Amino acid sequence: MNEYRPLTEQEISILENNNCWAEDWTAVSVAEDFRPNYMHRVMLYGEICIGIFEKNVEVSPGFLKHSGINNATLRNVTVGDNCLIENIGNFINNYTIGDDCYISNICTMETTEGATYGNGNLISVLNEVGEGNVVLFNSLNSQLAALMLRHADDTVLRDNLRRLISEEVRLWQPARGTVGNGVKIVNAKEITNTVINDECEISGAARLSDCTILSSQSASVFIGTGVICENSIISDGSSLFNSVKMQDCFVGEACQISNGFTASQSVFFANSYMSNGEACAAFCGPFTASHHKSSLLIGGEFSFYNAGSATNFSNHAYKMGPMHFGILERGTKTASGAYVLMPAHIGTFSVCFGKLMYHPDTRRLPFSYLVAYGDTMYLSPGRNITTVGLYRDIRKWPKRDVRPQGSQKSIVNFDWLSPFSVGEIIQGKQILEKLREASGEEVSTYNYHEYVIRASSLKKGIKYYDIALRIYMGAVLKRVIKRLGAVEPPATTVGEGEWNDLSGLLLPASEELRMLDDIKSGYLDSIPEIIRRFAEIDARYREYQWAWTYRLILDYYHLDCLTSTDLQRIHDDYVVARRTWIAEIRKDAEKEFHMGDVERSVLDNFIEQLDHEVDFEN
């Protein structure tokens, strides 16, 4: 931080000769090596502190201008070292500006009384006309937001969380707006009550009001042309450009919002991509995407989700081509808690007259398809387990996490087979087996609620679910041997029982309940402690997973303990299941090729990738 001194008489004389004016020259302080000749046509009001002007500033690639202040009106402003501030149409009022900043051709930038910078803003998610249930603040991540949303009716938890958030906001909140180091703000109209962190670039924004932009050197934020953003928080590495309109929103790390997208009362987390459409009261968890003008995400909870337009589902079913965005993975949930649009990880979706249909009754039959023929809905359980689309999705999501280390606030577990999803697979398999037992094996169709399952589909569904179970058990055993050097019984019982997906964090239901109790009792008494608890649970995921999987293996194989003979049998089943799975995916790819949807080279490259799957068997 600079130490400032009063201006000398000679410096005041030079400034006045440069058409600079001050309401009170004694209220103007400067750095020790301040040089007045780099200020021209500047009006100074209130308390002013100005750093040094020693370096050039790159205003465009290859175009350097010397730091200084020109054609500007400042009131109660601190300017760091080597900044270039010029052509301020109205004024900059009540702001602290860091080092090496370039601020040019803006209208107004000021902090007014009572500014909150978007922190502490209570919004209503999932129900656009309901009471507020999520509090926006700088340290929010997808897990904490999901916790607030999922347990909004727990008044003790709600009150404690809001108290802790208020304390966190009070400790952070600056007395006036700040601009960090290395910030570039050009051709912007209005910036009011906004905190802008290091290395942010704002170019052509129309209005930023009551916002916090959590940019950093390793994960800079870009705000582009025509953006209007109010009462919102923008996190590390995110971009908003091309006339985005956003009000009362939280944008998590490495999200991209573009092309006229409009959002209100919504949250977006970890690598979400929003373009052209609209969101209202939406909870968009990690890797939520929307590309179409007719897409409206309203009152739903989404994660690993790609929203198609109302009459276009091709991007959900497309498989091998380069434009593939993937079958939906973890699904959505309505305000009532019922799962809808149930895709790969936890349910089914259907195609009916070109539209995706919602079927909460199929929750216990994951990885399934529903297809309508007239008034009849046909269910193909487990079909998506053996598709090219799922195979590609499994591998693509980790590669699409572009968040740099150190700016990954939201936890994302990429396991497609986990105690959470495998628990649903077990339920689905049991349902199919009970249907077969009740109706026999000689019938042509089975009825599940109002859906029809062909006999061949039911048989395949059991087969697909069993393949997934054996792949999962064998893979976990492999990991345990690699981690521990041998297969030993679990060291804990935590993990046995049901599991939850807390917007990217896969955890035992018992650990979520323990966290709730610890927050309500005051044992967890700060936001950093709660965030650390999420990280600790994630760090022990493999330990908890082994406790759950060990019990699954014993039950599945009807064992009391695991011997070397049992381990070999499980491994052999794993290899057979994997090879069967790959063979089914190969058949799906070849079927798609023969339909004329992809080039031969695309198929050949994909088959070559499948051929290397044997490398992962041991």
Side-chain angles (χ1 to χ4, degrees), residues 57-60 71-73 77 83-98 100-112 115-119 121 136 138 176-216 219-264 266 268 273-276 278-279:
V57 174
E58 187 173 54
V59 299
S60 188
N71 303 319
T73 299
V77 172
C83 293
L84 175 57
I85 300 174
E86 58 183 6
N87 302 325
I88 307 303
N90 200 358
F91 53 77
I92 299 177
N93 178 32
N94 292 329
Y95 253 90
T96 298
I97 299 169
D100 304 302
C101 293
Y102 175 44
I103 302 175
S104 176
N105 196 32
I106 69 170
C107 182
T108 302
M109 191 165 94
E110 73 170 329
T111 307
T112 61
T116 64
Y117 317 103
N119 274 256
N121 186 13
L136 308 186
N138 291 353
R176 64 185 186 185
T178 61
V179 175
N181 300 325
V183 171
K184 180 179 181 180
I185 306 174
V186 296
N187 303 323
K189 292 184 179 179
E190 179 184 347
I191 298 175
T192 306
N193 300 336
T194 295
V195 167
I196 304 166
N197 284 5
D198 297 350
E199 302 296 330
C200 179
E201 180 176 350
I202 300 171
S203 179
R207 174 177 166 83
L208 302 177
S209 177
D210 291 285
C211 295
T212 296
I213 303 175
L214 300 171
S215 185
S216 65
S220 60
V221 171
F222 177 75
I223 310 292
T225 303
V227 171
I228 298 175
C229 191
E230 300 175 329
N231 296 308
S232 298
I233 297 172
I234 314 300
S235 296
D236 321 52
S238 290
S239 300
L240 280 70
F241 54 92
N242 290 351
S243 301
V244 165
K245 295 178 177 62
M246 183 164 292
Q247 185 172 27
D248 300 310
C249 291
F250 183 93
V251 178
E253 320 93 86
C255 293
Q256 183 173 311
I257 319 291
S258 66
N259 298 339
F261 191 84
T262 301
S264 64
S266 298
F268 308 88
Y273 178 97
M274 300 286 144
S275 182
N276 296 307
E278 183 179 357

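Quantities reported herein were computed from a predicted structural model and do not represent experimental measurements.
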Partner residues of Arg176 under the salt bridge (Lys or Arg N to Asp or Glu O under 4.0 Å) criterion, sequence neighbours left out: none

Closest contact, heavy atoms only, Ile92 versus Tyr95: CG2-CB, 4.0 Å

Counterpart residues, side-chain contact (heavy atoms from CB on, under 4.5 Å), relative to Ser238 (two or more places apart): Ile234, Val251, Cys255

Straight-line distance of Lys189 NZ to Leu208 CG, nearest 0.5 Å: 12.5 Å

Those residues that, when tested against Cys249, pass side-chain contact (heavy atoms from CB on, under 4.5 Å) (two or more places apart): Ser232, Met246, Ala263, Ser266, Phe268

Side-chain donor-acceptor contact under 3.5 Å, Ser203 with Glu201: no

Minimum heavy-atom distance between Gly252 and Ser235, given as atom pair plus value: C-CB, 3.4 Å

Close side-chain approach of Ile97 to Ile85, heavy-atom, < 4.5 Å: yes

Heavy-atom closest pair, residues Glu199 and Ser215: C-OG, 3.5 Å

Atom pair NZ (Lys245) and SG (Cys229), whose distance is rounded to the nearest 0.5 Å: 12.0 Å

Exam field: side chain Tyr273 to backbone Ser258, donor-acceptor pair closer than 3.5 Å: no

Nearest-0.5 Å distance that lies between atom CG in Asn87 and atom CG in Asn71: 5.0 Å

Side chains of Asn90 and Thr73 in contact at under 4.5 Å (non-hydrogen atoms): no

Asn193 (side chain) donor-acceptor with Thr112 (main chain) under 3.5 angstrom: yes

Residues Val221, Leu214; criterion side-chain contact (heavy atoms from CB on, under 4.5 Å); working and verdict: CA-CA 7 Å; Val221 171; Leu214 300 171; 5.9 Å; no

ring-ring contact (aromatic ring centres under 6.0 Å, His included) contacts in which one or both residues fall within residues 220-239, not counting sequence neighbours: none

side-chain contact (heavy atoms from CB on, under 4.5 Å) partners for Ala219, two or more places apart: Ser216, Asp236, Pro404, Ser407

Sequence-distant partners of Asp100, side-chain hydrogen bond (donor to acceptor under 3.5 Å, both in side chains), two or more places apart: none

Spacing of Ile213 atom CD1 and Ile196 atom CD1 [to the nearest 0.5 Å]: 5.0 Å

Considering all heavy atoms, the nearest Ile223-Ala205 contact: CG2-CB, 4.1 Å

Nearest heavy atoms of Gly118 and Ile233, plus distance in Å: O-CD1, 3.8 Å

Counting only pairs under 3.5 Å, give me each side-chain donor-acceptor contact of residues 177-186, with atom names and distances, residues two or more places apart or in other chains.
unit_1 : atom_1 : unit_2 : atom_2 : d
Asn181 : OD1    : Asp99  : N      : 2.8
Lys184 : NZ     : Val59  : O      : 3.4

Point-to-point distance, once rounded to the nearest 0.5 Å, from SG of Cys211 to CG of Asn231: 7.0 Å

Sequence-distant partners of Glu86, salt bridge (Lys or Arg N to Asp or Glu O under 4.0 Å), two or more places apart: Lys65

4.5 Å side-chain heavy-atom contact, Ser264 and Asp248: no

ring-ring contact (aromatic ring centres under 6.0 Å, His included) contacts touching residues 187-212 (sequence neighbours left out): none

Nearest heavy atoms of Ser275 and Phe261, plus distance in Å: N-CD1, 3.8 Å

By salt bridge (Lys or Arg N to Asp or Glu O under 4.0 Å) - contacts of Glu230 (at least two apart): Arg207

Side chain to side chain donor-acceptor pair (under 3.5 Å) between Glu190 and Thr192, intermediate numbers included: CA-CA 6 Å; Glu190 179 184 347; Thr192 306; 3.0 Å; yes

ring-ring contact (aromatic ring centres under 6.0 Å, His included) pairs, two or more places apart, involving residues 238-259: Phe250-Phe269

Within-4.5 Å side-chain heavy-atom neighbours: Thr111 and Tyr117: yes

Those residues that, when tested against Asn187, pass side-chain contact (heavy atoms from CB on, under 4.5 Å) (two or more places apart): Asn105

Pairwise distance CG(Leu84) to CD1(Ile103) - rounded to 0.5 angstrom: 9.5 Å

Donor + acceptor pair across side chains of Asn119, Thr212 (<3.5 Å): yes

